[in-house]
Asks: 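If you scroll down you'll find the structure; I have some questions about it.
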Amino acid sequence: MNARKEPEPAGSDAPERPPLVRELLLVTGLFLLYKAGRRLAAGHTGEALGNGRDMWDLERALHLPGEGAVQSLLLHGDGVVQLANTYYAAVHFPATAVFLVWLWLRRPAHYVWARRVLAAVTAAALVLHLTFPLAPPRLLPATGLVDTARLYGPSVYGPPRTDQLSNQFAAMPSLHFGWALMVAVGLIVVARTRWRWLWLLHPAVTLLVIVGTANHFWLDALVATALLGLALALARPPGRTASGTGRPATRPAPARDRALVGAGR
């Protein structure tokens, strides 16, 4: 007697790719909501400057390395500092967007996971921006640091009092660093090559850039790391078998079925 197992429908094990239009609307809506929230946090100049001075004193009390040591390295040449300013201005959003698009195309299950983690970190950051306005080091004369973007270009910010596009008193936490670290973590999770750890260069360079350009304190990056760690602990990534490439993971047939198939030969 020939007994054969009916093949499963093609792609039954492959995770479904979220609808593109829905995801575009969702991500755009979240971004606009975040930008609107940041604008609500603007205008607290005195409180933000006071918190900035307290943050500077706290870092010195904790014996953290001075941000000035990193900035002095950038100021050795105009080309180096301009490259750092360009990295700060031009890499943050595009790198995160490319990361999400690639996951949506190649790893749908991991895309949903990464989108949820980024949304959670960003929402927590917005709460801190609303409750703890913080001026960056470049706006605090006591730090002795210079605004490298204003002096050397390119700059994405105007004068804080007239800037209608961004809230410059939202330094804590640093989403530049938090998003960059999530991009590296996500790519390390889905990659299988031994070179995948090189993705950590992205957050490492981002950290040096945000500190060296005096846009953030060290503690801004540390708080972003803590928020990301909490989000990752609450949202576990899918297994490696969830490739999402449209090809189902091959599973060995149960021993009973293999025996029945073999008996009919």
Side-chain angles (χ1 to χ4, degrees), residues 31 35 38 48-49 52 55-56 59-60 64-102 118 125 134-188 191 193 195-225 228:
F31 174 75
K35 294 294 289 185
R38 281 176 62 102
L49 293 174
M55 189 66 59
W56 180 257
E59 286 194 341
R60 306 292 75 79
L64 293 177
E67 286 84 353
V70 180
Q71 185 168 93
S72 64
L73 294 176
L74 299 183
L75 296 178
H76 277 307
D78 291 357
V80 177
V81 69
Q82 288 172 354
L83 182 62
N85 291 334
T86 302
Y87 196 95
Y88 179 86
V91 174
H92 175 49
F93 282 109
T96 308
V98 170
F99 165 68
L100 289 174
V101 169
W102 185 85
L118 285 171
L134 178 66
R138 60 184 171 81
L139 297 180
L140 299 170
T143 65
L145 300 173
V146 300
D147 187 343
T148 61
R150 182 178 61 83
L151 293 178
Y152 298 93
S155 177
V156 295
Y157 301 122
R161 294 184 181 275
T162 59
D163 189 353
Q164 299 298 318
L165 298 177
S166 58
N167 174 20
Q168 298 187 44
F169 300 138
M172 172 74 77
S174 170
L175 285 180
H176 265 75
F177 182 74
W179 287 14
L181 186 58
M182 180 56 202
V183 169
V185 169
L187 292 173
I188 289 171
T193 173
W195 301 104
R196 65 187 183 276
W197 298 102
L198 291 177
W199 287 113
L200 290 173
L201 288 174
H202 176 42
V205 172
T206 299
L207 178 60
L208 294 178
V209 164
I210 63 175
V211 171
T213 58
N215 281 291
H216 286 283
F217 297 94
W218 293 112
L219 285 175
D220 297 338
L222 290 177
V223 171
T225 303
L228 178 61

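All values below were derived from every heavy atom in this structure, side-chain atoms included, with hydrogens, water molecules and symmetry-related copies excluded.
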Asks: For a quick test of reading the model, state the closest non-hydrogen atom pair linking Val223 to Pro173 and the distance between them.
Replies: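 For Val223 versus Pro173, the nearest heavy atoms are CG1-CB, 3.8 Å.
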Asks: Is it true that Phe99 and Trp179 have ring centroids separated by less than 6.0 Å?
Replies: no
Asks: Take Met55 and Leu134 through the test side chain to side chain contact (heavy atoms under 4.5 Å, CB included) and record every step on the way to the result.
Replies: CA-CA 9 Å; Met55 189 66 59; Leu134 178 66; 4.1 Å; yes
Asks: For Trp218, does the CH2 atom have more than 12 heavy-atom neighbours from other residues, nucleotides or ligands under 6.0 Å away?
Replies: yes
Asks: Is the backbone N or O of Val146 less than 3.5 Å from a side-chain atom of Gln71, with the two atoms forming a donor-acceptor pair by type?
Replies: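 Such a contact is found between Gln71 side chain and Val146 backbone.
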Asks: Would you say the side-chain atoms of His216 pair up with the backbone N or O of Ile210, donor to acceptor, closer than 3.5 Å?
Replies: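 Side chain of His216 to backbone of Ile210: no pair is present.
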Asks: Is the shortest heavy-atom distance from the side chain of Leu100 to the side chain of Leu118 under 4.5 Å?
Replies: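 They are in contact (side-chain heavy atoms under 4.5 Å apart), so the answer is yes.
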Asks: Can you give me the closest heavy-atom contact between Ala224 and Ser174, atom names plus distance?
Replies: CB-O, 3.3 Å
Asks: Which heavy-atom pair separates Gly153 from Asn85 by the least distance, and what is that distance?
Replies: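 Looking at all heavy atoms of both residues, the shortest contact is O-ND2, 3.1 Å.
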Asks: Tell me every residue that passes ring pair (Phe, Tyr, Trp, His ring centres under 6.0 Å) with His176, counting only those two or more places apart in sequence or in another chain.
Replies: Tyr88, His92
Asks: Got Leu74 and Tyr152 here, is their nearest side-chain heavy-atom distance under 4.5 Å?
Replies: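 Leu74 does not reach Tyr152 side chain to side chain.
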Asks: Which heavy-atom pair separates Ala214 from Pro136 by the least distance, and what is that distance?
Replies: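 Where Ala214 meets Pro136 most closely, the heavy atoms are O-CB, 3.9 Å.
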Asks: Do the side chains of Leu64 and Phe217 get nearer than 4.5 Å, heavy atoms only?
Replies: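 No - every pair of side-chain heavy atoms lies 4.5 Å or more apart.
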Asks: Against Phe177, only a single residue in Leu222, Val209, Asp220, Thr225 fulfils side chain to side chain contact (heavy atoms under 4.5 Å, CB included); can you say which?
Replies: Thr225
Asks: Glu59 side chain to Leu219 main-chain N or O, any donor-acceptor pair under 3.5 Å?
Replies: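 Present.
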Asks: Return the minimal non-hydrogen interatomic distance between Thr206 and Ala180, and the atom names on each side.
Replies: OG1-CB, 3.7 Å
Asks: State, with a plain yes or no, whether a side-chain heavy atom of Ile188 is found less than 4.5 Å away from one of Leu200.
Replies: yes
Asks: Taking the side chain as every heavy atom from C-beta outward, state whether Leu75 and Ser72 have any pair of such atoms under 4.5 Å apart.
Replies: no
Asks: With no hydrogens and no angle check, is any side-chain donor or acceptor of Thr193 less than 3.5 Å from a backbone partner on Arg196?
Replies: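 It does not hold such a pair.
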Asks: Under the side chain to side chain donor-acceptor pair (under 3.5 Å) test, which residues partner Asn215, sequence neighbours left out?
Replies: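 Arg138, Thr213.
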Asks: List the residues meeting ring pair (Phe, Tyr, Trp, His ring centres under 6.0 Å) with Tyr87, not counting sequence neighbours, and say none if there are none.
Replies: none
Asks: To the nearest 0.5 Å, what is the distance between CG on Leu145 and CG on Leu139?
Replies: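 That separation rounds to 11.0 Å.
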Asks: Less than 4.5 Å apart, side chain to side chain, heavy atoms only: is that true for Thr96 and Phe93?
Replies: no
Asks: Is the shortest heavy-atom distance from the side chain of Thr86 to the side chain of Pro154 under 4.5 Å?
Replies: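 A side-chain contact exists here, since the closest heavy-atom pair is under 4.5 Å.
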